[in-house]
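Here the structure comes first, spelled out in structure tokens, and everything after it is commentary.
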Amino acid sequence: MEIKRDAYLEQLKIRKDNGMIKIITGIRRCGKSFLLFVLFKKYLLESGVDNDHIIEIALDGIENEELRDPKKCYQHIKDAMKDDQKYYLLLDEVQFMSRFEEVLNSLLRISNIDVYVTGSNAKMLSSEIATTLGGRFLIQEVYPYSFREFLLSQDIILKTNWLYTPSLRNEVVRTFDAYFYNGGFPELIAFKDKRSWLSGLYQKIFFGDLVARYALRNSDSMSLLVKKLAESVMQPSSYNRLKNIVSSAGESVGVRTVIDYVGYLEETWLIFSIENYAARFAERESNRKYYFIDNGILNLFIFNPETLLLENLVAVSLYRMVGKELYFYNQNVEVDFYIPDQKWLVQASYNISDTQTFTREVNGLLKTAKFLKAEKLQIVTRNEERTVEQDGFTIEVIPIWKWMIMLENK
């Protein structure tokens, strides 16, 4: 089933013909090319744009290898523009072209072309081109499927009052298991051997986007760091702690190397990090929690993964909604996630059926809520659901599959 990815498409529609370079970025195979070459092109054609006025270039294909030369690419685009009417350039995987930012800057001087590009390197598509393009660009981040999109890919449509339809509710719960363990990469759905596909994707990212692009001389250290970050998903990690963990396993690295490596992992969209809201500013930078952009990738590296996968999925869901405004809180007590603007605290706990776990999670929320004056308190679990009223606060305990669907309805 073709997924429309309406939210992403709507952003492209809004930004159409605004005089800016539109940059679509995200991890490999998350659907950037499909969004641009299929969904957005279809929209352009349906809007009356002639096919001859849509210029498509996929720089990762061998057929366009010579267009990775910036001068040849620019000339190719100019030659395709036969008249003064509006043209739309769809340029895929722009990072394959050296000095691509100069090409984009030159295209900004042409009044009758609207430019859309995709790429898989966050740093390259933000800070490094800001000076060249003078702020005349907009970045749109794309993620693997959300749970609702994943349901649509399985032809599961949530109609009004779906929660009160037992057969549909049960189907949603069953489908969530696949999403929980394997993640939401669109192409993965068609493959029977999910783990092999995910492993192949990770190898492409590791050797293509990390080892080759950053000329890493010690790929074993980077490989070990990825594994240790996966095992530490729920724990705040300083650069010094990560250095010690990697070094203790026989790969000697320095703090500077760890800082660089973590940066590379974030730039290729494998991981993202959140800061401790309670920490001093300097400590926020150096002591973070790290999460993987997709559960399927994370699941390659961990055993007995359920607790880690649940917190990671909550983190991804919140991060794609609020980005850098997502924090954790750790000062005497710890709360997994905090969104200040919404006065919203979230604990991720796989199972709170035992008294000790329940008390710890609830007390952490209550103490933090009183101090921060938070108003919305939630505990996201695997299957449990109830409401807790205590000390004047209401805590919503909600299963993650239901929580994620409700989140997308906000």
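Everything numeric here is computed off the predicted structure, so don't read it as measured data.
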So, the side chain of [X] versus the backbone of [Y]: is there a donor-acceptor pair under 3.5 Å, distance only?
X	Y	result
N170	P166	yes
S223	D220	no
S252	S247	no

Problem - Trace of the salt bridge (charged side-chain N to carboxylate O under 4.0 Å, His left out) decision for D92 with K32 - result: CA-CA 8 Å; D92 194 33; K32 302 183 299 294; over 6 Å; no
Problem - Parallel, tilted or perpendicular: rings of F176 and F180 (30°, 60°) - result: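 F180 vs F176 ring planes: tilted.
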Exercise for the section: Could you check whether the rings of W197 and F191 sit parallel, tilted or perpendicular, using 30° and 60° as the cut-offs? Expected result: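 Ring orientation, 0 to 90° scale: tilted.
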Practice task
Rounded to the nearest 0.5 Å, what's the gap from OG on S167 to CH2 on W162? Could you check?
Solution key: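 These two atoms lie 11.5 Å from each other.
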Handout entry: From R241 atom CZ to S238 atom OG, the distance as rounded to the nearest 0.5 Å
Key =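 Here the interatomic distance stands at 7.5 Å.
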Problem - Basic-acidic side-chain contact under 4.0 Å: E306, R382 - result: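 No, E306 and R382 are not salt-bridged.
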Problem - Note: E231-K228 ion pair, threshold 4.0 Å (strictly below) - result: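 Between K228 and E231 there is a salt bridge, with a charged N closer than 4.0 Å to a carboxylate O.
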Problem - Side-chain heavy-atom pair Q390, N363 within 4.5 angstrom cut-off - result: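 Yes. Closest side-chain heavy atoms under 4.5 Å.
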Exercise for the section: Measure centre to centre between the rings of F292 and Y202, then say whether the value is under 6.0 Å. Expected result: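 They do not qualify: ring centres at least 6.0 Å apart.
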Could you list the donor-acceptor pairs under 3.5 angstrom formed between side-chain atoms of residues 314-328 and any protein atom two or more places apart in sequence or on another chain?
{"residue": "S317", "atom": "OG", "partner": "L313", "partner atom": "O", "Å": "2.8"}
{"residue": "R320", "atom": "NH1", "partner": "P144", "partner atom": "O", "Å": "3.2"}
{"residue": "R320", "atom": "NH2", "partner": "Y8", "partner atom": "OH", "Å": "3.1"}

